[in-house]
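All values below come from the heavy atoms of this structure, side chains included, with hydrogens, waters and symmetry mates left out.
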Amino acid sequence: ALGIRLIAVALALVVAAVVIFAIVHMNPIRVYLSMISGNFGTKKRIWYMLRDTAVLACIAIGLAPAFKMRFWNIGAEGQMLVGGIATAFFMINFAGKMPTPLLFVCMLLSALAFGAIWGWIPGFFKAKLNANETLFTLMLNYIAIQLTAYCVSKWENPFGSNTVGTINSQTKIGWIGNMFSKGNNGDFGWTVAIVLALAVLMYCYLSYTKHGYEIAVVGDSRNTARYAGIRVNRIYMRTMALSGAICGFAGFLAVSAVSRTIPTSTAGGRGFTAIIVAWLAKMNPFIMILISALLTFLDKGA
């Protein structure tokens with residue numbers, strides 16, 4: 001199966017080369033080399049590529065349990081945004097008012113909690129009213145966008161800009177790199193390490209735990225799951241809370257380690273791109289990292 005995917009990527013590059021030459025009459029090899037330079041040409045570009053790969057993979061990992069259950073969570077954008085709102089709230093209002101380690105704990109737990117709630121809501125309505133989860137999670141994205149816009153209007157820069165700007169730009173309180181390491185790349189290095197650990201944990205959760213087995217059974221057949229004594233409604237709500245929490249954690253990373261601000265574009269469409277990642281990887285967290293790297297490479301290189 002992996003070989004088939006590699007062949008598909010190679011063929012796609014060949015087709016793209018033909019299109020490039022036919023339209024702009026450029027040497028496709030030079031184009032591909034410039035894309036490689038755009039990702040790996042400097043140390044800074046490498047860190048940015050790794051950073052964006054990690055955030056995209058984190059969202060895809062969050063979608064994995066829901067998709068494995070055949071619950072189509074299209075709401076990763078919103079779950080990520082509410083996690084970012086919670087993170088920014090503590091960074092803006094409590095920086096310098098509590099010890100930095102405690103501030104990070106509050107930022108992290110609030111991002112997980114808000115993301116979990118945002119995911120649990122459609123899980124609850126699916127379980128109780130059989131609501132269409134695709135439409136429900138999709139519409140929650142727009143509510144999250146408006147909530148973000150409202151918070152930005154409350155926290156906006158006093159100079160009249162419609163953005164909060166870089167949060168704690170002078171003190172760097174609440175920046176992951178400032179907590180664990182020195183230098184501008186510390187944030188990105190810890191982001192990559194955390195997401196790699198998360199991939200291992202999610203793989204073990206789905207493959208070797210009772211909860212992972214229940215998710216797989218519900219995904220194969222709800223009737224079979226009920227016959228086996230599995231409480232399907234509880235699985236819906238629990239799994240969606242987990243999925244939302246991980247997407248909320250991606251919002252924590254985006255605000256604390258990547259952008260250090262909270263515009264409505266914090267998610268930047270990655271919640272939808274992550275659907276492609278999770279689907280192509282067939283819910284395997286390790287393959288998700290590779291697919292995320294490929295899509296990030298194409299985006300940065302372009």
Side-chain angles (χ1 to χ4, degrees), residues 1-2 4-5 8 56-80 83 112 115-141 195-250 270-292 294-295:
L2 183 59
I4 291 173
R5 284 169 174 74
L56 180 59
C58 183
I59 304 170
I61 291 169
L63 293 176
F67 281 8
K68 194 174 183 68
M69 188 177 60
R70 296 295 191 269
F71 189 107
W72 310 122
N73 179 13
I74 314 298
E77 290 267 316
Q79 293 150 21
M80 183 178 178
L112 291 172
I117 292 171
W118 216 250
W120 177 86
I121 292 172
F124 173 82
F125 280 95
K126 174 69 173 181
K128 299 301 182 182
L129 300 175
N130 197 31
N132 184 300
E133 70 271 18
T134 304
L135 292 176
F136 206 119
T137 53
L138 181 64
M139 290 188 289
L140 280 176
N141 288 336
V195 172
L196 286 175
L198 185 62
V200 174
L201 291 174
M202 180 56 71
Y203 179 82
C204 293
Y205 176 80
L206 293 176
S207 302
Y208 300 112
T209 68
K210 177 186 175 183
H211 287 184
Y213 174 75
E214 290 173 337
I215 288 171
V217 174
V218 172
D220 288 338
S221 171
R222 282 179 287 178
N223 291 331
T224 300
R226 291 191 177 97
Y227 182 77
I230 295 174
R231 302 177 69 174
V232 175
N233 289 349
R234 176 181 291 182
I235 303 302
Y236 277 145
M237 292 185 281
R238 183 182 70 200
T239 304
M240 276 304 296
L242 173 63
S243 181
I246 297 175
C247 292
F249 177 71
R270 285 176 289 200
F272 298 110
T273 306
I275 296 172
I276 302 172
V277 174
W279 199 252
L280 289 177
K282 292 186 180 255
M283 275 55 79
N284 184 317
F286 300 124
I287 304 299
M288 288 179 192
I289 294 174
L290 298 178
I291 301 296
S292 298
L294 173 62
L295 294 183

Requested in this report: Write down the atom of M283, the atom of L206, and the distance for their closest heavy-atom approach.
Outcome: O-CD1, 4.1 Å

Query raised in the report: Could you give the distance from CD1 (I287) to OG (S292), rounded to the nearest 0.5 Å?
Result: 11.0 Å

Query - Nearest heavy atoms of A250 and M80, plus distance in Å - result: O-CE, 3.8 Å

Query raised in the report: Do L138 and F272 have side chains that get closer than 4.5 Å, going by heavy atoms?
Result: yes

Name each donor-acceptor pair under 3.5 Å that joins a side chain in residues 236-246 to protein atoms two or more places apart or in another chain, with its distance.
unit_1 : atom_1 : unit_2 : atom_2 : d
Y236   : OH     : R222   : NH1    : 3.4
R238   : NH1    : H211   : NE2    : 3.2
R238   : NH2    : E214   : OE1    : 2.8
T239   : OG1    : I235   : O      : 2.8
S243   : OG     : G62    : O      : 2.6
S243   : OG     : N73    : ND2    : 3.1

Report summary line: One should read off an interatomic distance between M69 CE and E133 CD, to the nearest 0.5 angstrom, of 8.0 Å

Report summary line: dist S207:OG -> N284:CG (nearest 0.5 Å) comes out at 7.5 Å

**Report entry** Beyond-backbone contact of V218 with I215, side-chain heavy atoms, under 4.5 angstrom
**Finding:** no

Query - Heavy-atom pair with the smallest gap, counting every atom of Q79 and G119 - result: NE2-CA, 3.9 Å

Report summary line: Heavy atoms of N141 and G78 approach each other most closely as OD1-N, 2.8 Å

Query raised in the report: Is there side-chain contact between K126 and N130, with at least one heavy-atom pair below 4.5 Å?
Result: yes

Query raised in the report: Does any N or O in the side chain of E77 come within less than 3.5 Å of the main-chain N or O of G271, such that one atom is a donor and the other an acceptor?
Result: yes

Query raised in the report: Looking at CG of L294 and CG of L280, how far apart are the two atoms once the value is rounded to the nearest 0.5 Å?
Result: 9.0 Å

Query - Enclosure of Y203 OH (heavy-atom neighbours >12, cutoff 6.0 Å) - result: no

Report task. Determine yes or no for a side-chain-to-main-chain donor-acceptor pair under 3.5 angstrom, with T137 supplying the side chain and T134 the backbone. Result -> yes

Query - Shortest non-hydrogen contact from V232 toward A225 - result: CG2-CB, 3.9 Å

Query raised in the report: Is any side-chain heavy atom of I275 less than 4.5 Å from a side-chain heavy atom of F67?
Result: yes

Query raised in the report: What residues, two or more places apart in sequence or in another chain, satisfy side chain to side chain donor-acceptor pair (under 3.5 Å) together with T209?
Result: none

Requested in this report: State the NZ-NZ distance between K282 and K68, to the nearest 0.5 angstrom.
Outcome: 11.0 Å

Query raised in the report: Between atom CG of L56 and atom CD1 of I289, what is the distance when rounded to the nearest 0.5 Å?
Result: 11.0 Å

Query raised in the report: Does F286 CZ have over 12 foreign heavy atoms under 6.0 Å away?
Result: yes

Report task. Kindly write out the residues that satisfy ring pair (Phe, Tyr, Trp, His ring centres under 6.0 Å) with F125, not counting sequence neighbours, or none if the list is empty. Result -> F136

Requested in this report: Can you see which heavy atom on C58 is nearest to which on L198, and at what distance?
Outcome: SG-CD2, 3.8 Å

